[in-house]
Each structure stands twice: as structure tokens, then as C-alpha cells.
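What follows is a single structure, written as C-alpha cells, with notes after it.
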Amino acid sequence: MWRRGERLYALLVVLVVFLEALALGGLVVAFSGRIFNLLGSPVAYRALFQALVLTGLALTFLSAYILLYHAYTASKERLDRKAYEDWLARFTEALFNEEPPPPPPWPRPALEALLNLREMLKGEFSERIADWLRQVYPHWIRLLKSRWASRPARLEALDALAQARLPETLEAILPYLSHRDPVLRLGAARAGARVARGEGLGRLAEALLEAGLPRGALLEVLLLLEERATPVVEALLSRGGREEVWAALEAIGRLKLVALAERVLPFLDHPDPELKAAAMRALYRMRYPPKGYEGLLLAALKDEQEFLRAHAARLMALLGNELAQRALWKALSDPSFYVRRAAAEGLLLMNRGFLARAAEGHPDPFGRAMAQQVLRVAA
């Protein structure tokens, strides 16, 4: 990603390398001719002198540019910070005095101040700032639609629209979810999650299904939706591939979308262990006992995959019945430290006295030690 001023720096470096290559090539030709007595000594010495002069000038220009660039950027940062603080004060004064803002166009520091106010404030103040931003958002839309805008400019426009959170800008964001650049696709997904409202959530879901984003990025987008996530999660869960379904299951648990808990239960029998584990995590985070699926949990406690046994032990504790107690007692003999830990914590959640019995008389010494450790931590 390019920053302002770096293109000129890159061009200058390329020019210096080219001049150095030219000088070295001249030296090779001159001294080769001298070695084979094709050229006289004055020619070789002249080539050497020219190469040294060219090298010195190139290094001087490069060093001067670097020093001037750093001096200029430090000075510009101070001026921009001062301008940002001034504009922030002006907007805040207009906001709390219920006065109109200074008329646009506004410089870059003013836009940054306005976007930060939109992020920080809620309620009526936030809506007034949104109305002010509607006066300038076409600038960011033009950047997104321009064929000549650079990647940094497009990313800045997407970030600005995400901070502005204006629902009418969603249509300009969604095409970037099919962009060939994965960085721009991710930026558009984040912006779409901040902007989408009402019917826009359905269009965002359709775009995410076609975007081909990795599971971590999809989960981030769903978490950004917060209380608006339900229709998007449902769409990914119903029509998505492995990555989309995993992200949807994770989001259900993290956002505690209890209304979708029944949609999670069938995944306890899914052949993909990653999706099965994601379903277990979701149910555990929602504290939703999977009644009627005890057989699947008992089978998972015997699975060869360690992480599935650990998740099943945690989830079994939510059942809180005698079957769960017996299963967790047996799981204290598991060869995996993490499964024994999950079983001991589950017994603590269900029945502290039962865990105390395990700490005193469990037949497996490792299970007994784990029960004792969990009891000490709980005390």
C-alpha cells in the first residue's frame, strides 16, 4: 500500500539504481578495453571519474529527498493535528449550540473530525452529524466509482463510508465485494456491515455469499453487524459453503442469537468436525442445553479428535442431569489434559459436591488431580 510521497521516493530510487547501473556498465566497458589494450588509460580514468561523480550526485539527491521528506511530513502532521483540533472545536460548538456547521467544502482534517464525532456520539447528536455528512459523502462515492483512483484512496473512501454509516451509500459499496483485490473486498465487507439497514441486510448477505472471503473475515463482518446480524447469519447458515457456515455458527454463539439456537442443533451431527465443534461452541456460549441430542454428545466424547471431546464435555455440563454427571466422571479419565479440564469444570458447574467426590476417590490419578486443581481454583 502506498502512502503520500512514497511514489516519488520509489521513482527516485529506481532512477538512482538505473544511473548506478549505467555508471558501472561504463566502467566495465572502459576497463575491459584497457585490459585488452583496446582503450588508453585516459579513457579508463575519465570513465572512473564520471562514475564517481554520478554516484555522488545520485546519493546526494537521494539523501536530500529523504531528509526533506521527513522534515515536511513532521511539519505537515503538526499542522494537520492543529487543524483537526480547530475543526473539532468548531463542529462541537455548532452541535451543542444547535447552529448550522461551517459551509462545505471541508478540508481533510475537518472530515476526520466529523467522522470521529459520528463514531463517538449517539442518539440525536449522531443523527445531526449524519445529516452534515450527507452534504459531503458524494466525494467518497466518486472515488469508489473512479477508474483512476488508487487503492489507498478507495480504501480511505470505504473506511469513511463505514464511519459515516449512511444507509444510502450501501449500493456504492456492494460492487467492491466482487472486486478482484482481496484487500478491497475486505474493506467493502466491513463498510457494508456498518452501513446496511433493513432491506440492505438481504443485499449484503447475497454479496457476502459470492465474495469468497475467508472465515475470519466473514466472522468479523457478522460481529460488526451486532443486533442487525440475524438475517445475514440465517442466509449464510442456509445457503453458504463451509466457510460461511462456520462463520455463521461462531457469530450465533458470540452474539448470543438465542432465536437461532434450534438452527444450530442439527450441526451436532455434521460430518465436518470443524462445523460440529463450532456448533458446540455456539450452544455453550448461549448456555443452551442440547436436550434430545445426548447420544451425539456421548459419541463426541469418544471421538478421536481431542478438540471435539473437549467441546462435548463442556456442552454436556449444560444438561445438568445424571447422565451428564456419569459421562463427565468418565471423561476425567481421558488421556487429554484439556478434556479432563473441561470435564472437571463441567462437574463444578453442575454439582460441586460430585466434583469433591471425584477429587477424593476418582480411580484415575490424573482425573483425581484435575478435580482437585479445579476445586482449588474455584475456592
Side-chain angles (χ1 to χ4, degrees), residues 1 4 80-81 83-146 149-179 181 183-205 207-208 211 213 217 220-229 231-232:
M1 186 184 300
R4 288 176 175 80
D80 286 346
R81 193 179 306 114
Y84 170 83
E85 292 171 356
D86 291 343
W87 279 102
L88 185 62
R90 294 173 69 180
F91 283 130
T92 304
E93 183 179 0
L95 191 65
F96 286 96
N97 291 337
E98 298 186 355
E99 299 173 353
W106 297 317
R108 184 187 184 88
L111 295 177
E112 290 178 0
L114 204 54
L115 289 171
N116 285 338
L117 282 173
R118 173 71 165 147
E119 285 283 274
M120 291 186 294
L121 299 177
K122 305 296 181 184
E124 181 184 350
F125 288 144
S126 182
E127 291 305 315
R128 286 189 61 197
I129 293 169
D131 291 336
W132 296 351
L133 285 168
R134 286 186 172 92
Q135 302 178 50
V136 293
Y137 83 82
H139 164 70
W140 297 311
I141 301 296
R142 285 193 297 271
L143 278 176
L144 292 180
K145 292 182 177 180
S146 171
S150 64
R151 180 207 257 183
R154 294 169 194 254
L155 285 173
E156 287 182 7
L158 287 170
D159 185 57
L161 293 177
Q163 290 180 275
R165 304 195 309 277
L166 303 175
E168 59 266 33
T169 62
L170 181 63
E171 296 306 318
I173 294 170
L174 290 181
Y176 275 83
L177 277 168
S178 59
H179 199 281
D181 188 334
V183 176
L184 289 174
R185 284 207 307 275
L186 178 57
R190 289 169 174 165
R194 301 291 306 278
V195 165
R197 300 286 188 281
E199 295 180 358
L201 293 169
R203 295 196 295 275
L204 176 63
L208 288 174
L213 292 172
E220 179 187 354
V221 171
L222 294 177
L223 295 180
L224 284 172
L225 286 165
E226 297 178 334
E227 72 279 358
R228 297 168 286 119
V232 181

With distance as the sole test, does [X] use its side chain to make a donor-acceptor pair with the main-chain N or O of [Y] at under 3.5 Å?
X: Arg194; Y: Leu161; answer: no
X: Arg154; Y: Ser146; answer: yes
X: Ser126; Y: Gly123; answer: no
X: Arg185; Y: Leu213; answer: no

Mind checking the [atom1]-[atom2] spacing from [X] to [Y]? Nearest 0.5 Å is all I need.
X: Trp87; Y: Asp80; atom1: CH2; atom2: CG; value: 13.5 Å
X: Ile129; Y: Leu121; atom1: CD1; atom2: CG; value: 4.5 Å
X: Leu144; Y: Leu158; atom1: CG; atom2: CG; value: 5.0 Å
X: Thr169; Y: Leu133; atom1: OG1; atom2: CG; value: 10.5 Å
X: Arg190; Y: Leu186; atom1: CZ; atom2: CG; value: 4.0 Å
X: Gln163; Y: Leu114; atom1: CD; atom2: CG; value: 10.5 Å

Shortest non-hydrogen contact from [X] to [Y]?
X: Pro167; Y: Arg197; value: CG-CG, 3.9 Å
X: Leu115; Y: Ala160; value: CD2-O, 3.6 Å
X: Arg118; Y: Ala130; value: CZ-CB, 3.7 Å
X: Glu112; Y: Tyr84; value: C-CE1, 3.8 Å
X: Ala207; Y: Leu177; value: CB-CD1, 3.4 Å
X: Ala110; Y: Phe91; value: O-CE1, 3.4 Å

In plain terms, say whether [X] and [Y] are close enough for a salt bridge, that is, a side-chain N and a carboxylate O under 4.0 Å apart.
X: Arg128; Y: Glu124; value: no
X: Arg203; Y: Glu171; value: yes
X: Asp131; Y: Arg134; value: yes

If you define the side chain from C-beta out and look only at heavy atoms, does anything of [X] sit under 4.5 Å from [Y]?
X: His139; Y: Arg142; answer: yes
X: Leu174; Y: Leu204; answer: yes
X: Trp140; Y: Leu111; answer: yes

Exercise. Take Leu166 and Val195, measure what side-chain contact (heavy atoms from CB on, under 4.5 Å) needs, and give me the verdict at the end.
Key: CA-CA 6 Å; Leu166 303 175; Val195 165; 5.9 Å; no
Exercise. Starting from the C-alpha separation in whole Å, work towards a yes-or-no answer on side-chain contact (heavy atoms from CB on, under 4.5 Å) for Leu88 and Asn116.
Key: CA-CA 9 Å; Leu88 185 62; Asn116 285 338; 5.6 Å; no
Quiz item: Do other residues, nucleotides or ligands put more than 12 heavy atoms under 6.0 Å from the CD atom of Glu199?
Solution: no
